Amino acid sequence: MKLSLQWKKLGWLVLIGLSLGMGGFHVKAQDATEDKKPEAEVAKDPEVAKDPEVAKDPEVARDPEVARDANEDQSERIVGPRVRRHRRHASGEERVSIMRDVVLKPGERASEVVVVFGNATIDGDVDGDVVVVAGKATINGKVGGEVVLVLSSADLGPDAEINGQTTVVGGPLNADPGAKLLGGKHEVSIGGHLPNFDWIKENFVQGILLRPLPPRVGWVWVIALSFFAMHLLVALLLPRTVQVCSETLQARPVRSFFVGMLVFILFFPLLVLLLPTVIGAPLLLCSLVVSAILGRVALYRTTGGQVGRQLGIQSIEQPLAAFCAGTAIFYAAYMVPVLGWIIWFVMMPLGVGAVILSAFGGFRREGQKTK
């Protein structure tokens, strides 16, 4: 009797176990059927399969890169649409620009935007941060990270949405009432006289740093016209000296250039050596300035005369007309970006060398006459 009861208990236990096993198998089979597509996509990337918790979410499983970010920082894992908003470098590319503007049109996407000495116009989406230095930011799109503006101004449109903090240092922040600053804003003022860097960018960065005579920078042209008046005065008062330097420049241009380079190389060591003499250093500096002015006048006159001879225009070959024509030619060349500075620095030793050779030639002739 006891044996039969024990067999009955054992039978019930086996039956209950089989029932539970079949129920669990049915649940697992149903889960596998519902999540078949996400699991297949997760299996394609071994990095995603490292964390089963991540793989369970359909939004994460569809994008392996999102799952990698979630695996790397499980303590701050965000699933669903928030993952797409906070992840960086998931889509688009970095936009980094120096001295050029960046425009992100509606529908375009970038991971980060960094602009130095330029403007940033963002109507699309940026997953990461937006940094603008010495420029202007016009934002009417979504920014997933922070917005940092240094010595720059900002205009935020009604569709602007910034998830991180908005920091503005030394520039105004103009925000539309409809703009969403979810991370708050922080403004650091450094004085009302520096609202933005537009003036410095136009006058220096895009001005005299690129060429000696920027066409749109007025104060540079005032200086250029002042030098033209001074050069014209030298050409009128010292025609014979300018003529001699021009002849030397035409006869020995290569030697004039190397002599001028030697003068500039030795100038600072000689200046340091003559500083204790009190009067020696000022005389050396004045000599270099006078040589540079005379050499520039001779160079302008020689160039104008050569152009007149090549074109067969005799009126331009006259000394004063040749000087004016040469000045116009060089001023036009000085307006060309980069090339203008190259011409400026190459012509400087050429003119100075011609003056030095002319001076030594005059001293030699005076010595021969004395003998």
Side-chain angles (χ1 to χ4, degrees), residues 44-45 47-48 54 59-60 62-157 159-171 173-175 179-188 196-198 200-202 205-206 209-210 337:
K44 294 180 182 178
D45 196 323
E47 294 292 330
V48 181
V54 176
E59 289 292 329
V60 177
R62 292 193 185 100
D63 196 336
E65 289 190 21
V66 180
R68 291 194 194 97
D69 293 343
N71 283 327
E72 291 175 358
D73 192 3
Q74 297 181 14
S75 62
E76 297 179 1
R77 185 186 303 115
I78 305 172
V79 295
R82 293 183 61 193
V83 174
R84 294 185 178 273
R85 186 180 67 184
H86 286 280
R87 64 191 173 94
R88 298 184 180 181
H89 310 292
S91 61
E93 59 182 7
E94 293 183 357
R95 299 286 187 92
V96 180
S97 176
I98 299 176
M99 299 177 62
R100 295 184 64 182
D101 298 339
V102 171
V103 178
L104 198 65
K105 299 179 181 179
E108 294 183 348
R109 198 179 191 93
S111 59
E112 287 187 347
V113 175
V114 179
V115 182
V116 180
F117 293 118
N119 301 327
T121 303
I122 299 173
D123 294 323
D125 296 338
V126 179
D127 297 326
D129 301 333
V130 175
V131 180
V132 179
V133 179
K136 182 179 180 180
T138 303
I139 302 175
N140 199 30
K142 295 182 180 181
V143 179
E146 298 182 355
V147 174
V148 181
L149 307 173
V150 180
L151 297 176
S152 306
S153 60
D155 291 333
L156 306 182
D159 297 330
E161 180 179 334
I162 302 174
N163 293 309
Q165 188 179 45
T166 302
T167 304
V168 182
V169 180
L173 174 62
N174 302 317
K180 300 178 182 179
L181 304 180
L182 303 181
K185 64 178 180 178
H186 180 61
E187 297 183 64
V188 179
N196 54 59
F197 242 44
D198 291 341
I200 295 179
K201 183 181 68 175
E202 293 178 359
V205 178
Q206 298 178 352
L209 289 181
L210 289 179

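What you see is a predicted model; the values in this text were computed from it and never measured. Positions are given from 1, in the same order as the sequence printed here.
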Q | From OG1 (T167) to CG (L173), nearest 0.5 Å | A | 10.0 Å
(Q) On a heavy-atom basis, which atom in L149 and which in A154 lie closest, and how many Å separate them? (A) CD1-CB, 3.0 Å
Q: Mind checking the CD-CD spacing from E146 to E112? Nearest 0.5 Å is all I need.
A: 10.5 Å
Q.
For D125, is there an ion pair with K142 - N to carboxylate O distance below 4.0 angstrom?
A. no
Q) So how far is it from E93 CD to D127 CG, rounded to the nearest 0.5 Å? A) 12.0 Å
Q | D155, D101, N119 screened by side-chain hydrogen bond (donor to acceptor under 3.5 Å, both in side chains) with K136, the one that passes | A | D155
**Q.** Short side-chain to backbone donor-acceptor contact, S97 and V115, under 3.5 Å
**A.** no
Q: Please report the closest heavy-atom contact between A120 and V132, naming both atoms and the distance.
A: CB-CG2, 3.9 Å
Q. Where is the tightest heavy-atom contact between G157 and A179, given as atom of each residue plus distance?
A. O-CB, 3.4 Å
(Q) My understanding is that only residues two or more places apart in sequence, or in another chain, count here; which of them pass salt bridge (charged side-chain N to carboxylate O under 4.0 Å, His left out) with D123? (A) none
Q) So among N174, N140, I162, which one has a side chain to side chain contact (heavy atoms under 4.5 Å, CB included) with L156? A) I162
Q.
Tell me which one of V113, V147, T121 satisfies side chain to side chain contact (heavy atoms under 4.5 Å, CB included) with I139.
A. V147
